Amino acid sequence: MTMEYFAGVSDALRMTFVQVMILATLSIMIFLYGMYINLKKWGLGAEGYGQEVSNGNLFTFIKTLAYQMSAKGHGHGQSVLVTLVLDILLQRRILRRSPVRWFMHITIFIGWMALFVMSLLMFLVELIYMAGIHVDPEAFRELLSMPNDLFSYILMTGVVIAIIRRLFMAKAREATIAYDSVLLGGLTIIMITGFVADGIRNGTLWGLGMHNELAPPAALFHVVVSLLFCIAYIPYSKYIHMIAAPLALLANKGGE
Amino acid sequence: MTRNEPSINTKNLTAVQLMELDSCTRCGECVEWCPTYDASNKDPGLAPRDKILRWRQYMNKSYGLRARLFGPQKIPEEEIEQFKDDVYKCTTCGMCGTVCESGINTIELWEAMRANLVKRGNGPYGKQGMFVKLIGEYLNPYMADPKDRLSWIPDDVKIADKADILYFGGCTAELRQQKLAFATARVLNHLGIEFTMMGEDEVCCCSALIRTGQYEIEDIAREAARKNVDGIKARGATKVLYACAGCYRTSLVDWPRLLGEEMPFEIIHIAEFLEGLIKEGKLEWEKPFDNKVITYHDPCHMGRHVGVYDAPRFVIENIPGLNFVEMDRIRENQRCCGAGGGVKAGVPDLALGVAETRVQDALATKPDILSSACPFCKRNLSDGRDSLGLTPNEMEVEDLIVLTAEALGISLADCEDQAN
């Protein structure tokens with residue numbers, strides 16, 4: 001069975017749904033292995049202050065997190081809900097320190113998450129379609145077209161600010177190390193390949209005048225890069241902060 | 001081929017703390033606000049962000065993907081030794097944690113790293129190593145005879161054998177800055193509040209050992225906490241008053257952890273106690289100050305560590321004749337005095353550098369008095385003032401309880417602080 005709608009990948013490249021699924025599965029497996037290593041690494045710590053360290057048990061971290069979240073705070077504790085909404089979703093702690101950096105980060109966060117969720121939804125719709133249930137993937141894709149554009153530009157706004165900061169603000173530039181650059185570089189590549197792939201398919205400015213025939217390989221490249229950076233590479237890079245920072249905020253009741 | 005052993009271990013670090021290393025986004029806020037980084041002419045090694053990065057790299061070299069596949073990567077001993085130096089050049093003031101966008105509990109993280117490095121044989125730093133011997137042998141860090149804890153008590157001060165309220169004097173107030181202990185005891189007497197003290201049964205709270213990562217050595221800190229808690233219980237106290245922010249924090253946070261039990265008494269800083277009494281209308285100010293400008297320095301151990309900001313301000317604002325002016329950096333954004341975390345003992349030049357900056361913060365408000373609620377802050381801020389070439393007449397550095405005593409008309413003329 002060919003897959004016409006999935007991220008623009010079509011038979012023209014002899015790419016099948018199965019091949020993309022294999023790639024996605026591989027990415028998820030790399031991600032899971034990375035998280036396994038991280039959980040084992042974190043699990044080498046103790047379950048509480050002054051206690052003996054664990055031997056890398058997978059559940060040590062979860063138990064410690066749960067214990068710390070429920071422990072009494074001194075002077076600065078807040079509910080999980082407040083932490084979740086104000087500190088994790090609205091990123092209040094960044095706003096307190098720098099409104100510009102908050103704007104940069106929140107646009108990247110919103111753009112990234114929205115595009116990720118929409119890609120996931122599209123993927124699910126296609127799965128349902130392939131299972132023989134009557135849904136219309138094409139109509140769904142059109143439905144997502146406008147929000148897709150909107151969130152892509154929101155993401156781009158944040159990424160552009162981040163690049164400008166890293167290039168032209170002496171303090172940020174001098175403090176930048178490969179660990180930071182890889183994150184921003186990956187994000188930039190995903191964003192540009194997404195815009196170009198979409199531009200070629202729809203014949204817009206972002207297509208850079210390339211022929212429509214190049215739409216499938218461009219889309220494929222975007223898919224591959226996105227899967228690698230959005231999923232597989234997370235546990236091995238600065239992308240891990242997307243998981244660890246919210247956990248730290250929860251563990252410390254929103255921080256001091 | 002045999003694989004290397006990991007160069008570091010995870011002793012004293014919790015699983016959550018190991019995760020926190022990965023949560024750092026390297027935003028750099030901690031670097032902007034760190035008082036020791038600032039006072040060290042921006043030594044990059046002292047930047048909190050850099051310390052987190054290095055320990056994360058050590059963890060990954062020892063236990064990450066590459067280590068799993070090819071064996072741990074060796075970390076040169078000199079590198080770890082340098083890391084130790086940098087971790088100890090920190091007052092554990094917690095400013096980095098306050099501004100951390102990921103909410104990392106940095107105070108606990110630095111202390112855990114220190115404890116780890118002590119066990120590994122790298123820590124502590126310089127003279128901090130003496131704390132174990134001094135507190136272990138003399139039960140205080142000043143090499144004083146425990147009997148000296150009572151020597152300051154003037155004849156007029158009445159201390160009950162048992163009472164509902166116990167004043168935990170602390171080593172610095174009882175053995176060095178006795179004016180503070182005088183003032184506290186006389187204020188309580190003046191207000192007709194019966195209290196008891198532990199006298200020579202009192203043992204160092206062990207803040208210095210805990211802050212410098214040495215609390216597990218010979219179990220001194222745990223035993224000291226046990227003795228203190230038992231001593232307090234034996235005197236029938238249900239409320240324990242502290243005029244030392246360091247002892248207060250240690251009793252509130254560290255003793256329950258060391259002993260694995262809740263404290264069977266209420267732990268109150270004298271500023272909180274006075275706030276309550278003022279609200280009840282129990283204080284009659286007999287000797288107002290002569291229109292003095294005063295500013296207040298939040299001790300880290302009382303402010304950022306446990307969140308007591310309002311009580312000392314309430315007391316100051318209620319003392320007649322004092323015009324309270326806030327510094328720019330106050331409350332959770334306060335700049336450390338530089339004495340904490342063992343820095344005063346281990347890296348005195350750095351402690352002085354931080355103190356000078358804090359005194360300059362105060363001077364911007366043109367105060368007659370720079371007050372605080374911690375004898376250690378008072379000592380280091382006084383040193384900072386002296387180092388800047390100012391005299392006590394130009395700016396007095398004084399503890400809140402001493403100012404309270406003076407405003408209540410209590411004479412402290414018969415008390416002199418000991419030499420350092």
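All figures in this text were calculated on a predicted structure; none of them were measured in a lab. Chain identifiers are assigned alphabetically (A, B, ...) following the order of the sequence lines, protein sequences preceding nucleic acid strands; residue numbering begins at 1 within each chain.
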**Item:** Interatomic distance, B/Glu20 atom CD to A/Asn252 atom CG [nearest 0.5 angstrom]
**Value:** 4.5 Å
**Item:** Contact class of B/Tyr215 relative to chain A, heavy atoms under 4.5 angstrom
**Value:** side chain
**Request:** Check the pair B/Glu32 / A/Arg97 against salt bridge (charged side-chain N to carboxylate O under 4.0 Å, His left out), numbers first and verdict last.
**Result:** CA-CA 11 Å; B/Glu32 293 290 313; A/Arg97 309 268 52 108; over 6 Å; no
**Message:** Rounded to the nearest 0.5 Å, what separates atom CD in A/Glu52 from atom CG in B/Asn12?
**Reply:** 9.0 Å
**Prompt:** Which answer fits B/Asn116, side chain, backbone, both or neither, if we ask what part of it has an atom under 4.5 Å from a heavy atom of chain A?
**Reply:** neither
**Complete:** Whatever's closer than 4.5 Å to a heavy atom in chain A on B/Arg49 counts as side chain
**Message:** With a 4.5 angstrom heavy-atom cut-off, is it the side chain or the backbone of B/Gln57 that approaches chain A, or both, or neither?
**Reply:** neither
**Request:** Answer yes when B/Glu332 and A/Arg96 have at least one side-chain N-carboxylate O distance shorter than 4.0 Å, and no when they do not.
**Result:** no
**Asked** At what distance, to the nearest 0.5 angstrom, does OH of A/Tyr33 lie from CZ of B/Arg68?
**Response** 5.5 Å
**A/Arg101 versus chain B, the contacting section by heavy-atom distance below 4.5 Å** = side chain
**Prompt:** Measuring heavy-atom distances to chain A, does B/Leu53 have an atom under 4.5 Å in its side chain, in its backbone, in both, or in neither?
**Reply:** side chain
**Prompt:** How many angstroms lie between atom OG of B/Ser102 and atom CD1 of A/Ile88, to the nearest 0.5 angstrom?
**Reply:** 10.5 Å
**Request:** To the nearest 0.5 Å, tell me how far B/Met59 CE sits from A/Asn38 CG.
**Result:** 9.5 Å
**Message:** For the interface with chain A, which of B/Gly64, B/Cys27, B/Pro44 has the highest count of heavy-atom pairs at distances below 4.5 Å?
**Reply:** B/Cys27
**Fill in**
Given B/Gly97, B/Ala15, B/Cys24, B/Cys100, the one with more heavy-atom pairs under 4.5 angstrom with chain A than any other is B/Ala15
**Minimum-distance pair of heavy atoms, taken over all atoms of A/His241 and B/Thr25** = CD2-CG2, 3.5 Å
**Request:** Measure distances from A/Tyr67 to the heavy atoms of chain B and classify the residue's part below 4.5 Å as side chain, backbone, both or neither.
**Result:** neither
**Asked** Does any N or O in the side chain of B/Thr10 come within less than 3.5 Å of the main-chain N or O of A/Leu44, such that one atom is a donor and the other an acceptor?
**Response** yes
**Asked** What part of A/Lys238 gets closer than 4.5 Å to chain B, counting heavy atoms only: side chain, backbone, both or neither?
**Response** side chain
**Item:** Interatomic distance, B/Met19 atom CE to A/Ile243 atom CD1 [nearest 0.5 angstrom]
**Value:** 11.0 Å
**Request:** Please state whether the side chain, the backbone, both or neither of B/Leu65 comes within less than 4.5 Å of a heavy atom of chain A.
**Result:** both
**Message:** If we define contacts as heavy-atom pairs under 4.5 Å, which of B/Asp22, B/Leu13, B/Leu258 has the most with chain A?
**Reply:** B/Asp22
**Message:** Pairing donors with acceptors under 3.5 angstrom, does anything connect the side chains of A/Gln68 and B/Asn105?
**Reply:** no
**Item:** Under 4.5 Å from any heavy atom of chain B - which part of A/Tyr36
**Value:** side chain
